[in-house]
Participant: 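Once you've had a glance at the structure underneath, I'll fire off some questions.
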Protein chains: 2
Amino acid sequence: MGVLSKNSATILDVARLARCSITTVSRVLNNSSHKVNEETRKRVLEAIRALDYRPNALAKSLLSKRTMTIGAVVPDISNPYYAEVVRGIQDAADQEGYTVLIQNTDRLSDRLKRGIHILREKNVDGFIFTGGLHGMEGIGELLCELKERTVVIGRLGEDLPSVQVDNEQASILAVEHLVQKGYRRIAYVSGALCSTTMVDRLEGFRNALKKFNLQEVPGYIQEGKQTLQSGYEAMRQLLSLPETPEAILFANDQMLFGAMKAISEEGLRVPKDFAVIGFDNVPLCSYFDPTITSIEIPKYELGQAATRLLFSLIRGETPHAPLWFPVQLIERESTAESKLQSVDRQKRKRLPTY
Amino acid sequence: MGVLSKNSATILDVARLARCSITTVSRVLNNSSHKVNEETRKRVLEAIRALDYRPNALAKSLLSKRTMTIGAVVPDISNPYYAEVVRGIQDAADQEGYTVLIQNTDRLSDRLKRGIHILREKNVDGFIFTGGLHGMEGIGELLCELKERTVVIGRLGEDLPSVQVDNEQASILAVEHLVQKGYRRIAYVSGALCSTTMVDRLEGFRNALKKFNLQEVPGYIQEGKQTLQSGYEAMRQLLSLPETPEAILFANDQMLFGAMKAISEEGLRVPKDFAVIGFDNVPLCSYFDPTITSIEIPKYELGQAATRLLFSLIRGETPHAPLWFPVQLIERESTAESKLQSVDRQKRKRLPTY
DNA sequence: CATTGCAAGGAAAACCTTTTCCATAGCTCG
DNA sequence: CGAGCTATGGAAAAGGTTTTCCTTGCAATG
């Protein structure tokens, strides 16, 4: 309507127009228990509408010490895994009227520190850390008074309230699946070991080898970054080994997809020549050719649960034990028994390997 | 040190400890031009350190009417395309000390409205809209006074300052490429036509058909959502047609990947049986088997440029004409000439089609 | 009639900064 | 010696809310 006023209306403007005090306006606004005459209320509401008044959140926050904003620290938002976790966080926050401020760290510890700094400066009401961060012990200090309003998805070294997934167990699950399918020479491609997630998955793989009496072949464990390119390179490494593995477990689906290129470049096929299995079960797994067996992590649910846990902390409830979420192996074509391997397996069956 | 005070120190605490007024503390803090005695300054700095004082951004913002935060509205952050755009925005914002508040709309117009509402409430200093939004004319009103601090990536119907890519031209480029390779029966799979991006790409495709004298075959234009599943379904539709297309242009790479599954399920191959070409050139394109020809959109640069444009608006500079970014066709295996088609092409060459 | 209680409303403090304006003291200059 | 300048410092307003604590009428109760 007409000229837009440069500065939006304040509560004082409303009070003036409604011929009452700002106290009354405030009461109407927050429908306080303090009674206000029905007629006055109508005048106020009318004035609010006429002026298109909306309370200034800044002023409110200054007083209430609540910004209705929570901060989320994620290693890499373009990773579909974290994108989904963030989605869970945002939806849960939304339900309680909170907004989420996202800080990307790109897995760099100084960007992490900077992120925390910004979030504190913005006066967020709580923190959610995702991905953990290995060997980054100083975090507790950075959080200061916010320490009691922090939730971690995964581990962080510090013992903060958390929502977790048993990554170690997940690796064992994957290896078990491969063993059952008759694969024995199993390699592992890890992501950057700067997140506890990656540390746990690797640990789990090693334990699984022991558990199933398989030996760790030199060169069968590759470390890279969680990218297509890195998966490709790791696979090339594996392909160059004198004795190539029969099956490969990838610490994340992205790396697996990258590796598929290396495999097909050599004219090799999955699962005929290699079985592969990924982590995270991103949507593409069921659309790839062949479809990819992957460990499903309840990404959305993790984000959601972490946020709810955070709200319970904010409400002053005492933190309870870490919340564990189940993982699940989704079997698809990439780990089917190839004919060749079925034969192999027959042969092996006679050997008392385990 | 020792026990953490529940409420962090204020400027008053610092002043008391340094035995001076808050005015002086403020001056030291913002190293104002107003002189302050070297010894006093030292006392203040000491007090700041001792109390671990950090100014309250809320109070500062209340006064300055600057939150050092900009809002970004994106249709879908889990889409790699937007993830990359957001990355560009964040990096550029970072450089100027700004923080980005992201609002996902999931392409729903009420979530969009809600997002705008939240951003206004949080007093962001400016807006960036991505993806455009078709048939959503009321936006200008929602923005109100922020209208002059809004930048759009793409079009929005309203004429706001923008950073653009010629999607229409891009479609023409793609079709031209296919025609040059000898393909004539070209289909198009569109995403949801609620974003101007999608509208423009479709428009471009239609114009390209005209330009190259190809006719629009009924059923050759499919509309879906920008998802793997939707791409898969669209492809199934195309495959069920009495005469299948020779080449398909997909409005985004995700849909293309979904379609690849439908193709391989039929035992068909790319590019032998179909040429396919995508939009966005996400990283996976060069890792897929076959590698995928796609239209490269400078996603990161778009985000970056939009943010810089926004800052120039915030500084009070007058908006200039829309900024155009070039698109580029990245040719890969998925549009190689199949032997079969080369023959076809020879045949066709005799016909005076265009 | 005096007292109590309630409905309705307002004044002012508090939240934490920045900024404008003023104060003091010591100097310099004409 | 007075005017004006500089170096240094503080008081107070402003920014927009919420909340605590009054105040004023009026009706009900004894």
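FYI, side chains are in, hydrogens and waters are out, and symmetry mates aren't considered; it's all heavy atoms of this structure. Protein chains get the first letters and strands the later ones, always in sequence-line order, with residue 1 at the start of each.
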Participant: Tell me the interatomic distance from A:Glu38, atom CD, to C:dG9, atom C1', rounded to whole angstroms.
Facilitator: 15 Å

Participant: Looking at residues at least two apart in the chain, or sitting in another chain, which of them share a salt bridge (Lys or Arg N to Asp or Glu O under 4.0 Å) with A:Arg66?
Facilitator: none

Participant: Heavy atom of residues 40-48 of chain B under 4.0 Å from DNA chain C: which residues?
Facilitator: none

Participant: A:Glu39: what forms a salt bridge (Lys or Arg N to Asp or Glu O under 4.0 Å) with it, not counting sequence neighbours?
Facilitator: none

Participant: Which residues pass the ring-ring contact (aromatic ring centres under 6.0 Å, His included) test with B:Tyr98, not counting sequence neighbours?
Facilitator: B:Phe311

Participant: Tell me, please, which residues at least two apart from B:Arg87 pass side-chain hydrogen bond (donor to acceptor under 3.5 Å, both in side chains).
Facilitator: A:Asp76, A:Ser78, A:Asp106

Participant: Going by an N to O cut-off under 4.0 Å, is there a salt bridge joining A:Arg43 and A:Glu46?
Facilitator: no

Participant: What residues form a side chain to side chain contact (heavy atoms under 4.5 Å, CB included) with A:Gln164, not counting sequence neighbours?
Facilitator: A:Arg155, A:Ser162, A:Pro322, A:Trp324

Participant: Quick one: side-chain hydrogen bond (donor to acceptor under 3.5 Å, both in side chains) partners of B:Thr24, sequence neighbours excluded?
Facilitator: B:Ser21

Participant: With respect to the phosphate group of C:dG10, does any side-chain polar atom (N or O) of A:Thr24 fall under 4.0 Å of OP1 or OP2?
Facilitator: yes

Participant: Only counting residues at least two apart or in another chain, list the ones meeting salt bridge (Lys or Arg N to Asp or Glu O under 4.0 Å) with B:Arg114.
Facilitator: A:Asp94

Participant: Distance check needed: C:dT19 P versus B:Leu62 CG, whole Å only.
Facilitator: 13 Å

Participant: Given side chains that start at C-beta, do those of A:Thr130 and A:Pro75 come closer than 4.5 Å, heavy atoms only?
Facilitator: yes

Participant: Do A:Val28 and A:Thr40 come within less than 4.5 Å of each other through their side chains, counting heavy atoms only?
Facilitator: no

Participant: Taking A:Asp13 first and then A:Arg16, would you say they form a salt bridge - that is, a charged N and a carboxylate O separated by under 4.0 Å?
Facilitator: yes

Participant: Find every protein N or O atom lying less than 3.5 Å from an N or O atom of nucleotides 26-28 of chain D, and list the pairs.
Facilitator:
none

Participant: So, is B:Lys65 close to the D:dA14 phosphate, meaning a side-chain N or O under 4.0 Å from OP1 or OP2?
Facilitator: no

Participant: What bend angle does the helix from C:dC1-D:dG30 to C:dG30-D:dC1 show across its length, from five-pair end axes and to the nearest 10 degrees?
Facilitator: 60°

Participant: Please report the distance, rounded to the nearest Å, between CG in B:Asp13 and C1' in C:dA14.
Facilitator: 15 Å

Participant: Determine whether A:Ile116 and A:Phe129 satisfy the following criterion, side-chain contact (heavy atoms from CB on, under 4.5 Å), listing intermediate values before the conclusion.
Facilitator: CA-CA 10 Å; A:Ile116 294 176; A:Phe129 283 90; 3.7 Å; yes

Participant: Strictly under 3.5 Å: I want the nitrogen or oxygen pairs between protein and nucleotides 17-20 of chain D, one per line.
Facilitator:
from   : atom 1 : to      : atom 2 : distance (Å)
D:dT17 : OP1    : A:Tyr53 : OH     : 2.8
D:dT17 : OP1    : A:Asn56 : N      : 3.0
D:dT17 : OP2    : A:Ile11 : N      : 2.6
D:dT17 : OP2    : A:Tyr53 : OH     : 3.4
D:dT17 : O5'    : A:Tyr53 : OH     : 2.9
D:dT18 : OP1    : A:Asn30 : OD1    : 3.4
D:dT18 : OP1    : A:Asn30 : ND2    : 3.4
D:dT18 : OP2    : A:Ser26 : OG     : 2.9

Participant: Does A:Lys60 have any side-chain hydrogen bond (donor to acceptor under 3.5 Å, both in side chains) partners at least two apart in sequence or in another chain, and if so, which?
Facilitator: none

